[in-house]
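Down below is the structure, laid out as structure tokens.
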Amino acid sequence: MIRTVVLLVALLAPGLVRAAEPYPSKPIEFVTQSSIGGGGDVMARQIIEATKDLIPQPMVVVNKPGAGGRNLENYVKDKKPDGHTLVVTTATSILWYYTGALTFSVNRDLEPIIRLQVEPNLVAVKGDSKWKTMEDLVADAKAGKVTFGGGPIGGPEHLFFHKLARDKGFKLNYVAYGGGGEAGTSLLGGNIDATFLQASESLDHVRSGGIRYLAVASARRVADIPELKDIPTLREQGIDFVFEHWRGIHAPAGVPAEVVEYLHARFKQGTERESWKKWLADTAQLGGYLNPSDFKAFTLEQDRLIEQVTTDAGLNKKKR
């Protein structure tokens, strides 16, 4: 009799049988907008390495760079929200929504799993520059004596300098490059006077004396990185701007709550391992752990900041 009932359930309600399948039941993909070797790619590989013994399925990185995040979006949009497709998210994931490159919103179309790390952004000048403070730099910018540079128009670097120029009352002279690496090289070559760099892409030049930092765009001084501990924040210098480069993991909206908790618990355990901590220290990054609810609150605040900054710059394509 029992066997007959089991067979009937299997025949009449196959969805119920599938629902009982344990998670994860197949390989898990980490989809990133980064190319191989880029920040999101490397972070995904590090968290996979730190948790591979905790999750009983292979985990792989799927690189979908280009088109301002649209290639990632097109790959992810039709995936089932079953926890087998994860998205590596960053501040630019929100930024690209407002500048029109993306149609999906982090806060509407994705479900937070965990924020994993943050990386300080810093205002940088050449090591032998005469400018010692942001006040010095702004004074010469008002006199038209400063050429700023950074990533593409609409990127974090451009938006910061646009806000700085607007708030301090000077005309922005900005040179756009493909990314921070190019801007750093241009700074060293004397083609621009100041830029906005992440610590990991500029710290070696600081150690060699080629680059000097004027300010960090964090809420407080960065005591955990020796080269940054004495760098004042922008707020300390009268500039109200906090914008760290963060990275985390989301899943398509609709993923079951138990899957979110399963992944969160294991990724959190991974961040407590020495291999993860060593990687952060070696690459001048900071532990940025946030649980799903706190991560959601954080990205909502980021959404408000980015909406305002892109609106001020005339680049908001999603005006409400």
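For the single chain, residues carry numbers from 1 onward in sequence order.
- Counting only N and O atoms by type, the side chains of Thr32 and Asp41 include no donor and acceptor under 3.5 Å apart.
- Ion pair Lys268/Glu272 flagged as a salt bridge, since at least one NZ, NE, NH1 or NH2 atom sits closer than 4.0 Å to an Asp/Glu carboxylate oxygen.
- Between Trp131 and Asp193, some side-chain heavy-atom pair lies under the 4.5 Å cut-off.
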Just list the side-chain donor-acceptor pairs under 3.5 Å for residues 217-224, sequence neighbours left out, or say none.
| from | atom 1 | to | atom 2 | distance (Å) |
| --- | --- | --- | --- | --- |
| Ser218 | OG | Glu244 | OE2 | 2.8 |
| Arg221 | NE | Glu236 | OE1 | 3.2 |
| Arg221 | NE | Glu236 | OE2 | 2.9 |
| Arg221 | NH1 | Asp230 | O | 3.4 |
| Arg221 | NH2 | Glu236 | OE1 | 2.9 |

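- Leu188 meets the side-chain contact (heavy atoms from CB on, under 4.5 Å) test with His205, Ile211; sequence neighbours excluded.
- Leu122 places none of its side-chain heavy atoms less than 4.5 Å from the side chain of Val206.
- No donor-acceptor distance shorter than 3.5 angstrom exists from the side chain of Thr195 to the backbone of Leu197, with no hydrogens or angles considered.
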- request: For side-chain hydrogen bond (donor to acceptor under 3.5 Å, both in side chains), just list the numbers for Thr103 and Glu73, CA-CA rounded to whole Å, side-chain angles, deciding distance to a tenth of an Å, and then say yes or no.
  value: CA-CA 8 Å; Thr103 61; Glu73 178 181 292; 2.6 Å; yes
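- Of the listed residues (Thr311, Asp312, Thr310), just one forms a side-chain hydrogen bond (donor to acceptor under 3.5 Å, both in side chains) with Gln308, and that residue is Asp312.
- Listed by first then second residue, pairs satisfying side-chain hydrogen bond (donor to acceptor under 3.5 Å, both in side chains) with a partner in residues 178-192 read Tyr177-Ser186, not counting sequence neighbours.
- Cation-pi check for Arg266 over Tyr262 is met; the charged atom lies under 6.0 angstrom from the ring centroid and within 45 degrees of its normal.
- Ring planes of Phe161 and Phe148: tilted class, angle from 30 to 60°.
- Between Leu116 and Thr271, some side-chain heavy-atom pair lies under the 4.5 Å cut-off.
- Side-chain contact of Thr133 with Gln237: a donor-acceptor pair under 3.5 Å is absent, judged by distance alone.
- Between the CD1 atom in Ile225 and the OG1 atom in Thr283 there is a gap of 8.5 Å [rounded to 0.5 Å].
- When only modelled atom types and interatomic distance are considered, Asp303 and Tyr98 share a side-chain donor-acceptor pair under 3.5 Å.
- In this structure, Glu157 and Tyr174 have side chains that are in contact, with non-hydrogen atoms separated by less than 4.5 Å.
- Side-chain heavy atoms closer than 4.5 Å link hydrophobic residues (I, L, V, M, F, W, Y) into clusters, and following such links, possibly through other members, connects Val309 to Val106.
- Cluster annotation: Met43 and Trp246 are assigned to distinct hydrophobic clusters (Ile/Leu/Val/Met/Phe/Trp/Tyr, side-chain heavy-atom contacts under 4.5 Å, transitive).
- No continuous path of ILVMFWY side-chain contacts below 4.5 Å connects Val242 to Leu234, so the two sit in separate hydrophobic clusters.
- Between Pro156 and Phe243, the closest heavy-atom pair is CB-CE2, 3.8 Å.
- Looking at Arg304 and Glu301, a side-chain N of the basic residue comes within less than 4.0 Å of a carboxylate O on the acidic one, giving a salt bridge.
- Linking Ile, Leu, Val, Met, Phe, Trp and Tyr residues whenever their side-chain heavy atoms come within less than 4.5 Å leaves Phe30 and Phe104 in two separate clusters.
- Counting only distance, with no hydrogens or angles, the side chain of Arg108 and the backbone of Ala253 share no donor-acceptor pair below 3.5 Å.
- No side-chain donor-acceptor contact under 3.5 Å links Asp294 to the backbone of Leu290.
- In this structure, His162 contributes its side chain and Leu172 its backbone to no donor-acceptor pair below 3.5 Å.
- Put simply, the residue from Arg70, Lys64, Glu29 that forms a side-chain hydrogen bond (donor to acceptor under 3.5 Å, both in side chains) with Tyr75 is Glu29.
- Gln285 pairs in a side-chain hydrogen bond (donor to acceptor under 3.5 Å, both in side chains) with only one of the listed residues (Gln198, His245, Gln117), which is Gln117.
- The backbone N or O of Phe295 sits nowhere less than 3.5 Å from a side-chain atom of Arg115 that would complete a donor-acceptor pair.
- Using a 4.5 Å cut-off on side-chain heavy atoms (C-beta onward), His84 and Ser25 make contact.
- Of all the heavy atoms in Asp82 and Val255, the pair that sits closest is C-CG2, 4.3 Å.
- Here CD1 of Ile28 is found 5.0 Å from CD1 of Ile55. Values are rounded to the nearest 0.5 Å.
- Using a 4.5 Å heavy-atom cutoff, the side chains of Ile239 and Asp167 are not in contact.
- Side chains of Ser202 and Tyr213: a donor-acceptor N/O pair is present below 3.5 angstrom, by distance only.
- Under the 4.5 Å side-chain criterion, counting only non-hydrogen atoms from C-beta, Gln33 is in contact with Trp96.
- For the pair Trp279 and Val42, the minimum side-chain heavy-atom distance is below 4.5 Å.
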